[in-house]
Amino acid sequence: YKHISVEMATRGRKSSLDDVFDDFDAHLSGPKNEREELLGEGNDPNDLESGMARVNRTTDRMRRAGDTIRNSRKLLQETEEVGLDVMDKLTGQREQLKRTIETARDTSMETNRARQTITQMQRQLFTNKLMLIGLAAVLILAIIIIVYFKFIKSN
């Protein structure tokens with residue numbers, strides 16, 4: 001769920017950043033001659049009212065440009081914070097993966113050691129069974145020999 005919210009936040013910030021760039025491009029594509037825009041086309045010094053209106057429009061544009069720059073900086077800072085948060089999470093996940101891999105290696109080594117111990121125990125069990133069978137065979141043979149000499153040979 002965190003991944004989805006980070007992705008949605010990133011998309012929202014990207015959309016806002018695109019809007020900022022569009023505003024910036026609109027300001028750049030405006031009139032090329034700023035002096036002409038400020039003074040007007042007629043250059044009539046008696047036209048104080050239209051000059052004031054142009055100054056007010058220019059001031060408003062500059063204020064909007066300043067707002068756009070502030071918004072861009074804020075967006076940049078938020079994006080940087082999200083990026084740092086993602087990097088922290090990825091670093092934590094990497095450390096967790098390293099610990100998991102190390103645990104898996106330790107488990108594998110212990111499993112191999114246990115397998116070797118079981119194999120050794122099986123060999124020892126087989127050897128013990130052979131020795132028991134051999135001992136039983138020697139005892140049975142000894143009993144047969146004793147019975148033979150005691151009952152059959154004595155007759």
Side-chain angles (χ1 to χ4, degrees), residues 1-38 54-155:
Y1 295 109
K2 289 181 182 180
H3 172 70
I4 292 171
S5 65
V6 169
E7 186 175 322
M8 288 174 28
T10 304
R11 284 184 186 162
R13 285 176 178 78
K14 184 179 183 307
S15 174
S16 298
L17 189 60
D18 289 342
D19 292 343
V20 168
F21 283 129
D22 290 344
D23 288 346
F24 184 72
D25 289 340
H27 286 293
L28 287 180
S29 64
K32 300 294 183 201
N33 190 345
E34 292 177 7
R35 182 169 190 257
E36 183 179 299
E37 182 182 352
L38 283 173
R54 282 189 293 273
V55 168
N56 286 338
R57 282 194 311 267
T58 303
T59 303
D60 286 341
R61 279 190 195 156
M62 290 178 66
R63 189 175 305 120
R64 284 193 311 266
D67 290 343
T68 301
I69 290 172
R70 278 188 289 283
N71 288 338
S72 297
R73 286 182 179 165
K74 182 179 175 186
L75 182 63
L76 178 64
Q77 185 178 11
E78 289 174 0
T79 304
E80 184 178 5
E81 288 172 5
V82 168
L84 290 173
D85 186 43
V86 168
M87 280 180 37
D88 287 343
K89 288 179 183 178
L90 287 175
T91 300
Q93 289 175 355
R94 187 176 88 213
E95 293 301 321
Q96 185 178 10
L97 283 172
K98 283 181 178 180
R99 287 190 303 270
T100 302
I101 289 170
E102 188 63 33
T103 302
R105 284 183 187 151
D106 291 345
T107 303
S108 177
M109 288 173 47
E110 291 298 323
T111 302
N112 287 338
R113 207 174 301 156
R115 185 177 294 122
Q116 289 172 349
T117 302
I118 290 172
T119 302
Q120 185 179 6
M121 289 171 66
Q122 286 175 336
R123 286 183 192 142
Q124 189 68 36
L125 179 67
F126 182 72
T127 304
N128 289 345
K129 280 184 180 180
L130 284 179
M131 288 175 59
L132 186 61
I133 291 171
L135 182 61
V138 168
L139 288 175
I140 290 174
L141 186 61
I143 291 173
I144 291 174
I145 291 174
I146 291 174
V147 169
Y148 174 75
F149 280 114
K150 187 155 183 141
F151 294 111
I152 298 180
K153 197 105 179 175
S154 60
N155 286 343

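All residue numbers refer to positions in the sequence shown, counting from 1.
- Remark: of the listed residues L139, I145, V138, I145 is the sole one forming a side chain to side chain contact (heavy atoms under 4.5 Å, CB included) with L141.
- Residues satisfying the salt bridge (Lys or Arg N to Asp or Glu O under 4.0 Å) test with R94, not counting sequence neighbours, are none.
- Residues satisfying the salt bridge (Lys or Arg N to Asp or Glu O under 4.0 Å) criterion with R70, sequence neighbours excluded, are D67.
- Rounded to the nearest 0.5 Å, atoms OG1 (T117) and CD (Q124) are 13.0 Å apart.
- Of the inter-residue distances, the one linking Q116 atom CD with T111 atom OG1 reads 11.0 Å to the nearest 0.5 angstrom.
- By the 4.0 Å N-to-carboxylate-O rule, R99 lies too far from E102 to be salt-bridged with it.
- Between the CG atom of L135 and the CE atom of M131 there is a distance of 8.5 Å, given to the nearest 0.5 Å.
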Please determine whether side-chain contact (heavy atoms from CB on, under 4.5 Å) holds for the pair M109 and N112, giving the CA-CA distance in whole Å, both sets of side-chain angles, and the decisive distance to 0.1 Å. CA-CA 5 Å; M109 288 173 47; N112 287 338; 5.7 Å; no

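- Here the OG1-CG distance, from T127 to L132, works out to 12.5 Å after rounding to the nearest 0.5 Å.
- The CZ atom of R123 sits 8.0 Å away from the CD atom of Q120 when rounded to the nearest 0.5 Å.
- Exactly one residue among T100, T107, D106 makes a side chain to side chain contact (heavy atoms under 4.5 Å, CB included) with T103. That residue is T107.
- Legend: residues meeting salt bridge (Lys or Arg N to Asp or Glu O under 4.0 Å) with R63, ordered by chain and number and at least two apart, are D60.
- Counted within 6.0 Å of CD on E95, heavy atoms from surrounding residues, nucleotides or ligands total more than 12; the atom is thus considered enclosed.
- Between the CE atom of M87 and the CD atom of E80 there is a distance of 9.5 Å, given to the nearest 0.5 Å.
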